[in-house]
Enquirer: 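One structure, pasted below without further comment.
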Amino acid sequence: MRDYIPINKNSLPERFEIELATDTFVMEVNYNQTCDFFTVDLYSVDNEAIILGEKLVLNVPLWHDSVDRRLPAPSLVVLDESDQTKRITFDNFMVTTFLFIDDIAPDEDLSEVSV
C-alpha cells in the first residue's frame, strides 16, 4: 500500500519537512486559485531551492522531466486510486486525489505475501 503525503489544502501555502528514503527535504505546496491548480516547491533541508513551481498533474510523477541528483529517490505522484478523476482540482484534492509516495515496484503483487 502506498503512503500519501497529508496536505491541508485549506491552509495553503503549506511548508513542511518530509523524509523520503534516507533524505530530508522541505516541501511547500501552493494553490493557484485563478487557474485551479497546485504546485510544489522542493528545497533541501538547508532551504536551498531544488525545483520551484512544479505543477501537480494527475498520474504524472513530480519532476519527471528533471535531472538533478538532489531529487528524492521515491517518485511522488498524484493519483486517484478509483481512476474516476480526469484532473486535479481544489474540490477533489485530498478527497479522491492524493499525493502518493510511489515506492511500490510496478510488478509487485500485493495480494501475495511471502512468509
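The first residue of the sequence shown is numbered 1, and numbering continues consecutively from there.
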Enquirer: Within a strict 4.5 Å, meaning less than it, do heavy atoms of the Pro72 and Asp23 side chains meet?
Expert: no
Enquirer: Sequence neighbours left out, what passes salt bridge (Lys or Arg N to Asp or Glu O under 4.0 Å) with Glu48? Give chain and number order.
Expert: Arg70
Enquirer: Would you compute the distance between atom CG of Leu71 and atom CG of Leu20 and round it to the nearest 0.5 angstrom?
Expert: 11.0 Å
Enquirer: Considering only heavy atoms from C-beta outward, does the side chain of Ile7 approach that of Glu14 to under 4.5 Å?
Expert: yes
Enquirer: Output the distance between atom CG (Leu79) and atom CG (Asp102), rounded to the nearest 0.5 Å.
Expert: 6.5 Å
Enquirer: Output all residues satisfying side chain to side chain contact (heavy atoms under 4.5 Å, CB included) with Asn30, sequence neighbours left out; order by chain, then residue number.
Expert: Pro13, Glu28, Thr39, Asp41
Enquirer: Which value, rounded to the nearest 0.5 Å, describes the distance between Glu81 atom CD and Thr96 atom OG1?
Expert: 11.0 Å
Enquirer: Is there a side-chain contact between Leu56 and Val40 (heavy atoms, below 4.5 Å)?
Expert: yes
Enquirer: Holding to side-chain hydrogen bond (donor to acceptor under 3.5 Å, both in side chains), I want the full list of residues that pass it with Thr22, two or more places apart in sequence or in another chain.
Expert: none
Enquirer: So, taking the atom named NE2 in His64 and the one named OG in Ser75, what distance separates them when rounded to the nearest 0.5 Å?
Expert: 11.0 Å
Enquirer: Going by heavy atoms in the side chains, are Ile18 and Ile5 under 4.5 Å from each other?
Expert: yes
Enquirer: Are any non-hydrogen side-chain atoms of Thr24 and Ser44 less than 4.5 angstrom apart?
Expert: no
Enquirer: For atom CD of Glu19, decide whether the heavy atoms of other residues, nucleotides or ligands shown that lie under 6.0 angstrom number more than 12.
Expert: yes
Enquirer: Side chains of Val45 and Glu17: does their closest heavy-atom pair fall under 4.5 Å?
Expert: yes
Enquirer: Do Ile50 and Phe16 share a hydrophobic cluster, counting only Ile, Leu, Val, Met, Phe, Trp and Tyr and linking them when any side-chain heavy atoms are less than 4.5 Å apart?
Expert: yes
Enquirer: Answer yes or no: is there a donor N or O on one side and an acceptor on the other, between the side chain of Glu54 and the main chain of Trp63, under 3.5 Å?
Expert: yes
Enquirer: Counting C-beta onward and ignoring hydrogens, is there a side-chain heavy-atom pair between Val57 and Asn59 closer than 4.5 Å?
Expert: no
Enquirer: Could you tell me which residues satisfy salt bridge (Lys or Arg N to Asp or Glu O under 4.0 Å) with Asp36, sequence neighbours excluded, listed by chain and number?
Expert: Arg87
Enquirer: Within the distance-only criterion (no hydrogens, no angle test), does the side chain of Asn92 pair as donor or acceptor with the backbone N or O of Thr89 below 3.5 angstrom?
Expert: yes
Enquirer: Between Ser82 and Asp80, do the side chains contain a donor N or O and an acceptor N or O under 3.5 Å apart?
Expert: yes
Enquirer: How about Asp46 and Val26: do any of their side-chain heavy atoms sit closer than 4.5 Å?
Expert: no
Enquirer: Of all residues at least two apart in sequence or in a different chain, which pass the side-chain hydrogen bond (donor to acceptor under 3.5 Å, both in side chains) check with Asn47?
Expert: Arg15
Enquirer: Nearest 0.5 Å please: distance from the CD1 atom of Ile88 over to the CG atom of Asp91.
Expert: 13.0 Å
Enquirer: Listing request: all ring-ring contact (aromatic ring centres under 6.0 Å, His included) pairs with a residue in residues 23-47, at least two apart in sequence or in separate chains.
Expert: Tyr31-Phe38, Tyr31-Phe90, Phe38-Phe93
